[in-house]
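Below is one structure, written out as structure tokens; comments come after it.
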Amino acid sequence: MADVHLVTGAAGYIGSHVVRALADRGEVVIGLDRVPLPAGLDGRCQFVPADLLDRPALERVLAAHTITAVCHLAGRIAVGESVADPSLYYQDNLVATANLLSAMRGAGVTRLIFSSTAAVYGTPETTPIPESHPCRPINPYGRTKRAIEEMLGDFHHAYGLDSVSLRYFNAAGAIADGTLVEAHQPETHLIPLLLDHGSGQRPGPFQLFGTDYPTDDGTAVRDYVHVVDIAQAHLAALDYVTEHPGAHAFNLGSGHGASVRTVIETVEAVTGRPVEVKRVARRAGDPASLVADPSAARRTLGWTPAYPDLRSIVASAWAAHPAQTRIGQGARV
Ligand SMILES: NC(=O)c1ccc[n+]([C@@H]2O[C@H](COP(=O)([O-])OP(=O)(O)OC[C@H]3O[C@@H](n4cnc5c(N)ncnc54)[C@H](O)[C@@H]3O)[C@@H](O)[C@H]2O)c1
């Protein structure tokens, strides 16, 4: 009999790709989110509209299905917003996850894959960053994610919950058919913003936050990893946690840093269109450089990214962009 997986944040950018990867592997998927699913997931999962802050609703979902494991992607993700309004992040990340874990405990569900982030490390002391690097997050977003990782450790020791925290660096890219495009509300991610500005779908110049970082060209350096590769890592992590009890953590990144300027140039090269740029001050809570050492995920999970370079990631995002294909429009709410 196929396993049944619950995916929280199923309507989101990464969650929708995880649903798709699980369904494509033949698993039964229950997708939970407080906003409707994108059309690109039609027929791929059973949708449960629910808020993780609604504990009784969560308990009903877990009582109604025999869940093998949970992939927990629901949460808030914007660093700047977390600095301006941390309460939202303590609610939707920390309180929501505490609800989920106690409902799982009540229902006897003992496996979880958690969407963590490079933001748990804070300002890196070494680059690339291995999992053994100290975790000293410098913004409320990172602090909520780190607190959840620690909660997962405590729940393993006390209650036998087995988990893998996947510390994503910068998720980007799209699948070829354009049905699940990246579209956060509000959009704060670099590649979709550049594609929107370059294609004229977003008015005004692109705002470049910070040109005085201690990096080669003064702009912030990040490690971009394709969303399809992140989804595949969830499958590998589910297999791993089935055989290896514990509370594990793995970086998901390419191991290569790209500055904002490099990404702008790559977007211009891929689209053939110039992007008008306006330099502005640094954003609160943004470290200068975040680059993963992804070797543990490759070695231990057997994870091999299919999109190892920035250009192929940007090209996939552009191929699926609404300026190129009308299918992407309306795919997200
Ligand atoms: N996108 C990235 O580059 C990135 C990097 C590191 C970590 N992450 C983590 O990955 C996860 C998914 O990110 P994403 O880019 O797909 O974000 P997203 O905003 O596209 O998706 C998040 C989804 O969670 C849902 N959600 C939020 N709070 C909820 C609640 N209380 N109850 C029910 N649903 C709720 C939202 O409705 C949304 O559909 C997040 O946890 C994020 O912190 C993302």
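Order of listing sets the numbers, starting from 1, for every ligand and every atom in it. Computed from a predicted model, the values in this text were never measured in an experiment. Numbers for residues simply follow the sequence, beginning at 1.
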What part of Gln91, side chain, backbone, both or neither, has a heavy atom within less than 4.0 angstrom of ligand 1? neither
Find all atoms of ligand 1 within a distance of less than 4.0 Å from any non-hydrogen atom belonging to Lys145, and give their numbers and elements. 40 (C), 41 (O), 42 (C), 43 (O)
Between Asp239 and Arg25 (salt bridge meaning N to carboxylate O under 4.0 Å), is one present in this structure? yes
Hey, which atoms in ligand 1 end up nearer than 4.0 Å to a heavy atom of Ser116? 6 (C), 7 (C)
For atom 30 (C) of ligand 1, which candidate among Ile230, Asp51, Asn170 holds the nearest heavy atom? Asp51
Any N/O pair Ala171/ligand 1 closer than 3.5 Å: yes
Does His17 have its ring centroid less than 6.0 Å away from the ring centroid of Tyr168? no
Per atom 43 (O) of ligand 1, closest listed option by heavy atom (Tyr141, Tyr89, Phe169): Tyr141
Residue selection (non-hydrogen contact nearest atom 12 (C) of ligand 1) among Leu73, Thr188, Val225: Leu73
Does ligand 1 have a heavy atom under 4.0 Å from the side chain of Arg167, from its backbone, from both, or from neither? neither
Charged N-O contact under 4.0 Å between Glu59 and Arg55: yes
Please state which option from Thr97, Val48, Val79, Ile14 has its nearest heavy atom closest to atom 16 (O) of ligand 1. Ile14
SB check Asp92 Arg76 (cutoff 4.0 Å): yes
